Every structure is written in C-alpha cells, then in structure tokens.
Amino acid sequence: MQDGNATDTVVADEAAPQAVDLQQEYETSGVKEVLEDLDATLIGLAPVKQRIRETAALLLVERARKRLGLAHETPTLHMSFTGNPGTGKTTVALRMANLLHRLGYIRKGHLVSVTRDDLVGQYIGHTAPKTKEILKKAMGGVLFIDEAYYLYRPENERDYGQEAIEILLQVMENNRDDLVVILAGYGDRMEKFFESNPGFRSRIAHHIDFPDYTDDELFHIAELMLREQNYTLTPEAAKALHEYVGLRRKQPHFANARSIRNALDRARLRQANRLFQTATGPLDAAALSAIDAPDIRASRVFRGGLDSDTDATASQGPVTP
Amino acid sequence: MRLTQGTFSFLPDLTDEQISKQVQYCIDNGWAVSLEFTDDPHPRNTYWEMWGHPMFDNPDAAALMYELAECRKVYGDRYIRVVAFDATHGWESLRLSFIVNRPKEEPGFRLARQEMAGRNTRYSTLSYATDKPAGARYA
C-alpha cells in the first residue's frame, strides 16, 4: 500500500485561517440548536446537561485548534451513564449521538442500542462474530449498551460475556475514531462491573450520573408527555397528579419518568372508559383530551398499594382502606 | 505482471483513505459491500472466496475497513477485493469491484498452446502462481 502523502498536500493547500470565532462556530455547526432543544425538552438533569455542554465546548475548541493547525488529539468520548431506572439515559444517548454528529466527531450519528443478548452468543465461537457484527453496525455512530453489567457474570467463569468484553475493549481502543461506546446501567451495579473490569474504567473518560427527578420535575415531565399526546389536565387532575407523584415515589419499583408514563397511560385508559360510560351526547375535542381528577385518583397508589398486584401487600404492610 | 482486474486496476494502488471513500460511496448508494480473496487470479476465476458476509446494514465504511484489516492479517499475501452488490430489483448483481490487496510478487500468466489436427492451435492462459499448490503460492 502507498503512504498518505496525497492527503498532507491537500491540507497544506488550504489557507489556514488566522482566527476562529467560537460563537459563530457554535451557531453554524447546529450545536446551539441541539443544546437548546435539550434544555427545552429535557426537564431537570442539570448535572447531565452541564456535562454535555462541557463535552460540546471541548469538541468545538478541538475543532478550532485543528483548523488553526495547532496540535490536537481527538479526545476519547466513551461514556458511562449511571442512574436509577427512568432517569432518561437512553433519551440522552440519542441526543448525544446527534450532538456528536453535528460536531463532526462521528460520521453518521446513528444510535445502535443493544443489551447482553445482542452481543453474547449461545455457544463456543458464536460470541466473537456476533459482537463484531454489532460493532460494525455501530461504526460511524454510537453504540449504546443498556444494562452493561450483565455482560460480566462472575458466578460463571465459562460465561461468554467475558469474550464480548474483550472484543469490546479492543475495538474501543483501536477504533476510537470510528465509534463511541456508551455503557448504561444502575449506579451500584455499574460500580461493581467497573471494579471487576478495570480495563473498562480506564477506557471510559466520562462518567455521567443521572440524578433522580424531584416531584416538581416529574410533574413537568408529565405535563410535557400529555402535551405531546394532545391531552390536558383539569386543575383538579393536576392537583391529584402532584399528590400521585409524591405517593408513588415512596412505593417500591419507582422508576422515575417511566412510572409517570405508565401512570399517564393508565389514566388515559380510565378516561376513555369514563367517557364511554358517562357520555350521553356528542363529545368535543376538549372533552376528549381532558383528563380529570377521578381518572388519576382511581389509581391504586392512592390506596397505599402498588400498581401491580404481586407484592403490593407484602412490601407495603397492611393496606389502608 | 500487475493484475488488472476490476475498477481502478490501472491506477496506482489505492491508499486506505481512498478505499474508505470509495466504499462509503458504495454504501451511500445502498450497495452491500463485502470482501473476497483468492490466490488464483485467473481472469476466468470469477468466484473468489468470501471474507465474512456482505454488509447489508452497516452505514459506515469503517466496518469494511475493520474487516479489511482483519483479512490482511490472515491473507495479506493474496489478492483481496472489495465487492459492491446492488440488491435493487433489475440489478441484483455487482456494481463495483476493485482490488485492495496484492501479493508482493505477481508472477503473471503464461500462454499455453495446444496443437490440434490440421495445424490448428488452441490457446489457454495459465497463472504461474497456480504451479504451486493452493496455500503455498505467494510465500
């Protein structure tokens, strides 16, 4: 094969600019839009947004340095997202892919979301091709490994997960320019995972922790979800939802925004049911989209129980009527 | 003797960056790229051995470049080519194919003449490389 002389001359031919306007760069690259969109549509998550903004700043500066011919080293951007269920890890990963694409860090900007099943094979010799296939699919974009700690199963030393981890580490190191790997999972279990796989910890520069939402934030998220689906809350329903958020948090299997989405789905179900049973004449759009207090108050959460019947009494003690 | 089969074969060898750009062009056109290798470069030997499967759903050329690096590790002393397959109705065949790896020495071909009845002659092309058994041809 020949050496890369051709490309060197091309770069030298371009007149190197004397100065770079970061602000203008920020606006024209589309990064501004992504960050503003992030602010508008993602509620709360202040530390996460801060980290994303820092990453964007770093990449913009790197790009500017490159343009001025200064020494630059492409930063490693493999990340780990930790946080409780429903704190928006997947959503942010999707935005991250878009952002990195706008900044020119990755070429395509698609997100390949996988779990253990997609990487680890069933029998000897099955894992490597499977993992490589996924890695190839993710090249030019972002590979999002949800619940990454399942890859490592210490209780079974013949588990094929280790093989997948080795290939992952190798590609993360050698093909840094080709893909960004984001590992996601619950905080404590990810911590254990990193402890038993030190190679991962050293290759991942950015650890972003997703905090739980406050009650107010969850309420805003609920409002946003409803607005997207063209539903509205009556004032009483809004009050009921506020109470619901507070109560639901204290009950087991609370999954932040995901619990809220499920609650809203059930509220829509009850609303539809209510409309069917009570409506006597034609309904207008406002009636079809209004969620009222009874739709929310009918939830089991208000009676101290869990939404699922399974361990409602076991974990809650006596159910107050 | 330099083997001239496929696109770009009269140009100097493509650099990896140039290969990557050509491959990206193929992918952007919706063609599935794949790698094939052989140690028998006879022009009539159309079916080279496949290296992995055709990549139908990889949006980026880096995937093929990764496999190319793997393939060179194993078969760096053979011919390797990139093949772009167009699956759209009415085409369903190759759109582009070019050599991305050659052995250091390319022995070329000899012309064999067979004399027939009535001073007729039959000609055929033989690759010097195939004088040696498969696997030991470019050592």
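Convention: sequence-line order gives letters A, B, ...; per-chain numbering from 1. For clarity, every value in this text was computed on a predicted model and none was experimentally measured.
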Whether over 12 other heavy atoms sit under 6.0 Å from [X] [atom1]:
| X | atom1 | answer |
| --- | --- | --- |
| A:His126 | NE2 | yes |
| B:Glu105 | CD | no |
| B:Leu11 | CG | yes |
| A:Arg261 | CZ | no |
| A:Glu195 | CD | yes |
| B:Arg122 | CZ | no |
| A:Lys49 | NZ | yes |

Quiz item: Are B:Tyr66 and A:Asp178 side-chain neighbours, meaning at least one heavy-atom pair lies under 4.5 Å?
Solution: no

Quiz item: Quick one: does B:Asp57's side chain get under 4.5 Å of A:Lys137's, heavy atoms only?
Solution: yes

Quiz item: Which of residues 105-112 of chain A have a heavy atom under 4.5 Å from any heavy atom of chain B?
Solution: A:Arg107, A:Lys108, A:His110

Quiz item: Using a heavy-atom distance cut-off of less than 4.5 Å, which residues of residues 159-174 of chain A contact chain B?
Solution: A:Val171

Quiz prompt | Under 4.5 Å from any heavy atom of chain A - which part of B:Met65 | solution = neither

